[in-house]
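A, B, ... follow the sequence lines: proteins, then strands. Residue 1 opens every chain.
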There are 2 protein chains.
Amino acid sequence: MESGRAVTTIRDVARVAGVAVSTVSRVINQSGYVAKDTEAKVKVAMEQLNFQPSGIARGLISRKTGSIGLLVPDVANPFFSDIARGAEDAAIAEGFSLFLCNSDWQLDRERMYLDILRRRWVDGVIVAGTRSSESDLLECIGSLPFVVVDRKATQMGSSVWSNNEVGALLATEHLMSTGCQKIVHIAGPEQSPSATARKTGFLRAMSQRPSQSALQSLLFPGDFRYEGGYHAALSLLNSSAPPDGIFAANDLMAIGVIQAAESLGLHIPQDLAVVGYDNIAMSSYVSPRLTTIDQPGYKMGQAGFEILFQIMHSKTQNLTDQEFEPTLIVRESTRSILLH
Amino acid sequence: MESGRAVTTIRDVARVAGVAVSTVSRVINQSGYVAKDTEAKVKVAMEQLNFQPSGIARGLISRKTGSIGLLVPDVANPFFSDIARGAEDAAIAEGFSLFLCNSDWQLDRERMYLDILRRRWVDGVIVAGTRSSESDLLECIGSLPFVVVDRKATQMGSSVWSNNEVGALLATEHLMSTGCQKIVHIAGPEQSPSATARKTGFLRAMSQRPSQSALQSLLFPGDFRYEGGYHAALSLLNSSAPPDGIFAANDLMAIGVIQAAESLGLHIPQDLAVVGYDNIAMSSYVSPRLTTIDQPGYKMGQAGFEILFQIMHSKTQNLTDQEFEPTLIVRESTRSILLH
DNA sequence: ATGAAAGCGCTAACAC
DNA sequence: GTGTTAGCGCTTTCAT
């Protein structure tokens, strides 16, 4: 069972150095007074024994483990792996380690992970891309310091977010301004707050357009996945009145749209203009390069940890909402704006 | 400082249930004999107090934390985020949590993380995509159970790997069999063992070809990044004797090659055939879809944890090398094989 | 079947 | 300045 893995303890160090355990502890923590030469002796002993203080034992006393949980739907999704990378970089810079948890957008998995994290006495949690209602979340999280990423926290929590409605507005207006006559939005999953906000932004932009009847027919359901975009586009483009502009709720679906259009022999952006959302790395690699709305995953992950760090260090849960401005990145999948 | 976060302990439960702490412990661990009704009383108390046993305290005694470290160069890299997802899924299924560590391919960061993980008493480590020499690795890891992913462990460790030399051979032979006359390999970074193996495989395949002089000139340096592939291809294709086949050491570079070729007005695969390596999701989304060698990241991550799990549970470090067969995925970026 | 008590490795009073 | 000691929350003998 490999259980008795030999651990050199503070006591071993004390014995070798010929001092008391508390002295060793003082050296480790640089607390209290220790004579220069005693300190040296202790350090030599620590070196010699290759001593590593047990974070576990320290955690038991201090009630702080120096670890936090990162809850994402799926690290294999580029947007969330960027968030993970940003959060981890920020965390390690402050000496924190990060537990990776993949919820697969399932509420019960979120609950499960939150319980596990609590048992592990993590000092805080970063919850990214959750679908759970805020009250559910608050209930699961209990008294743990937390910050929500990719969604504005409304009740009682801090968050890092980007205004998806504004981003969607930008995307739609861009399609309108480049001369598209019939624009369709392929939406994300119903339960996703960001997907909903993007849909709202799209509808808001469209409603500004004079004499645009039957807005509903310009919405098409999607699922945030490549295949969803591909099949949606196939249906749309084969219909009697195909669109000449498509705003997909995320880049993955937009890329699916591009592939579908290409398989039908259509030219982008001449026959069909396409805009995505997220600005994942892939979006600038596809052909034609995808026009999209930038949402800086790495920075949002970083900011998430930094805010959490502040919360963990101040008794008060002083609320913060850090907003990242969505920006339009124009690439080849849309016509360049016509000047008149 | 939020330090006195109230924790309900086993003692609280014992008091409420009117029993001794050891009885509560027995109920939690289902060890020893506990009378049915006593057990019920305890469970009610646990429920009522919303008691969660402290993993920290248990870890201090058992010397097992139920956590492991996952060391990757960069989770934002699709291949490694797949590995991370596979490893995490497998870990949580056995009740293990996973610390995410990004080394950025830097040896000193690997050392740092390994030290941190040891301090945290992780039960084991999965090291993926390391560049460190094996002796360095062994020294840093010390007595921690570990498994290496994406590289064959030669000395004294288990590993999950895929034969990169064979994969490269397949890729190169495919290019030859589809009629390419001048094939160039854009290699990965020198320090990367997988990159080296792929280069070796390429050279082996080429050496089978009769009268192929100056093999060296058919190698071009690269860096595993999109931009590297792009610029390498630009130089190659603008030269006096441009290749008609390129085997890039990974998909990211291959996609860069495709973009470069396209920007020069070349047709793929008619003017230039391209093969990548890894079969990342993106490779089937680009246009033309990329022919590549499949290396199943998710499964490799899963297998990594499973092997580690066995090692952690058996005193003996019985070595295992789980190999994943590289397979050729033919898509649009290469000519279909001519039958004769 | 249950309780009392000794520690896991460390920190933090409190003595000296 | 340095040593002694009492826990942190839990498991685990050893009694009863």
J.: Tell me what B/Ser25 touches on the nucleic acid: a base, only sugar-phosphate, or nothing, going by heavy atoms under 4.0 Å.
T.: base

J.: Are A/Val160 and A/Asp150 packed together at the side-chain level, in the sense that at least one heavy-atom pair is separated by less than 4.5 angstrom?
T.: no

J.: Could you pull out every donor-acceptor pair under 3.5 Å between side chains of residues 41-48 of chain A and any protein atom, sequence neighbours left out?
T.:
from: A/Lys43; atom 1: NZ; to: A/Glu39; atom 2: OE2; distance (Å): 3.1

J.: Would you find a donor on one side and an acceptor on the other, under 3.5 Å apart, between the side chain of B/Asp123 and the backbone of B/Thr65?
T.: yes

J.: Could you work out, with ring-ring contact (aromatic ring centres under 6.0 Å, His included) as the rule, every residue matching B/Phe99, not counting sequence neighbours?
T.: A/Phe99

J.: Does B/Ser162 use its side chain to pair, donor to acceptor, with the backbone of B/Asn164 at less than 3.5 Å?
T.: no

J.: Between B/Ser67 and B/Arg120, does any side-chain donor sit less than 3.5 Å from a side-chain acceptor?
T.: no

J.: For the helix from C/dA1-D/dT16 to C/dC16-D/dG1, figure out the bend between the end axes, five pairs an end, and round to 10 degrees.
T.: 40°

J.: Any base atoms under 4.0 Å from B/Val24, or only sugar-phosphate, or nothing? Heavy atoms, all strands.
T.: nothing

J.: Give me, pair by pair, the N or O atoms of the protein and of nucleotides 5-7 of chain C that are less than 3.5 Å apart, along with how far apart they are.
T.:
none

J.: If the threshold is 4.0 Å, N to carboxylate O, is there a salt bridge linking A/Arg111 and A/Asp108?
T.: no

J.: Does anything in residues 28-46 of chain A reach DNA chain D, meaning a heavy atom under 4.0 Å, and if so which residues?
T.: A/Tyr33, A/Val34, A/Ala35, A/Thr38

J.: Just wondering, do B/Glu323 and B/Lys152 contact through their side chains at under 4.5 Å, heavy atoms?
T.: no

J.: Hey, could you give me the OG/CD1 distance between B/Ser159 and B/Ile307, rounded to the nearest 0.5 Å?
T.: 7.0 Å

J.: On DNA chain D, reading 5' to 3', which nucleotide is the first and which the last to sit with an atom under 4.0 Å from a heavy atom of chain A, could you check?
T.: D/dG1 to D/dG9

J.: Within the side chain of A/Asp12, is there an N or O that forms a donor-acceptor pair under 3.5 Å with the backbone of A/Thr9?
T.: yes

J.: The test is side-chain contact (heavy atoms from CB on, under 4.5 Å); show your working for A/Ile126 and A/Ile83 and say whether it passes.
T.: CA-CA 10 Å; A/Ile126 298 176; A/Ile83 288 182; 5.6 Å; no

J.: Find the distance A/Ile10:CD1 to C/dC8:P and express it as a whole number of Å.
T.: 14 Å

J.: Start with the C-alpha gap between A/Arg85 and A/Asp82, add the side-chain angles, then the distance that decides, and say whether salt bridge (charged side-chain N to carboxylate O under 4.0 Å, His left out) holds.
T.: CA-CA 5 Å; A/Arg85 186 66 217 268; A/Asp82 279 351; over 6 Å; no

J.: Does C/dG3 have OP1 or OP2 under 4.0 Å away from a side-chain N or O of B/Thr23?
T.: yes

J.: Any sub-3.5 Å donor-acceptor pair from B/Ser62's side-chain atoms to B/Arg58's backbone N or O?
T.: yes

J.: Find which nucleotide of DNA chain D each of B/Leu60 and B/Arg26 is nearest to by heavy atoms, and output the residue with the more 5' nucleotide.
T.: B/Leu60

J.: Whole angstroms only, please: what is the CZ-P distance between B/Arg58 and C/dG9?
T.: 18 Å

